[in-house]
Amino acid sequence: FGWHRTISRACLQMIRQGNPRMKDKREELYQKIKKQDENGWLESEVQIICDTYGLDETKDRDEIRMIIVQQRLNETR
């Protein structure tokens, strides 16, 4: 079950890299995602990510949010 950690870490590294404009956009989007998550609007998406990557819903919450951020960024490209 170590493969999901490798994929997730690679995702996080990709998200954290990039040009300053993209970094600002990611940070802004992360704040929106965090707010949506705190309001309970992302539960089905969170569950899918947990099932797919073998992540823990509570312990890996920031990582899950970062995956959602990357997914949303990919959707807008």
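- Applying the side chain to side chain donor-acceptor pair (under 3.5 Å) test to Gln47 and every residue at least two apart in sequence or in another chain returns Glu57.
- Residues meeting the salt bridge (Lys or Arg N to Asp or Glu O under 4.0 Å) test with Lys34, sequence neighbours left out: none.
- With sequence neighbours excluded, the residues that form a side chain to side chain contact (heavy atoms under 4.5 Å, CB included) with Glu28 are Lys32.
- A distance of 4.0 Å separates CD1 of Ile49 from CD1 of Ile68, quoted to the nearest 0.5 Å.
- Remark: Ile67 CD1 to Leu55 CG distance equals 5.0 Å, nearest 0.5 Å.
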Start with the C-alpha distance between Cys50 and Ile64, add both sets of side-chain angles, then the distance that settles side chain to side chain contact (heavy atoms under 4.5 Å, CB included), and finish with yes or no.
-> CA-CA 8 Å; Cys50 287; Ile64 293 165; 3.5 Å; yes
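- Not counting sequence neighbours, Gln31 has no partner by the side chain to side chain donor-acceptor pair (under 3.5 Å) test.
- Scored by the salt bridge (Lys or Arg N to Asp or Glu O under 4.0 Å) test, Glu38 finds no partners at all (sequence neighbours excluded).
- Checked by atom type and distance alone, the side chain of Asn39 never pairs as donor or acceptor with a backbone atom of Trp41 at under 3.5 Å.
- Taking every heavy atom of both residues into account, Val69 and Arg26 meet most closely at CG1-O, 4.1 Å.
- The side chain to side chain contact (heavy atoms under 4.5 Å, CB included) check on Asp51 picks up nothing, with sequence neighbours excluded.
- Taking the charged nitrogens against the carboxylate oxygens, Arg72 and Glu45 do have a contact shorter than 4.0 Å, which makes a salt bridge.
- The closest donor-acceptor contact from the side chain of Asp56 to the backbone of Lys59 lies under 3.5 Å.
- Of the possible donor and acceptor atoms, none in the side chain of Asp37 sits under 3.5 Å from a partner among the backbone N and O of Ile33.
- Using a 4.5 Å heavy-atom cutoff, the side chains of Leu42 and Arg65 are not in contact.
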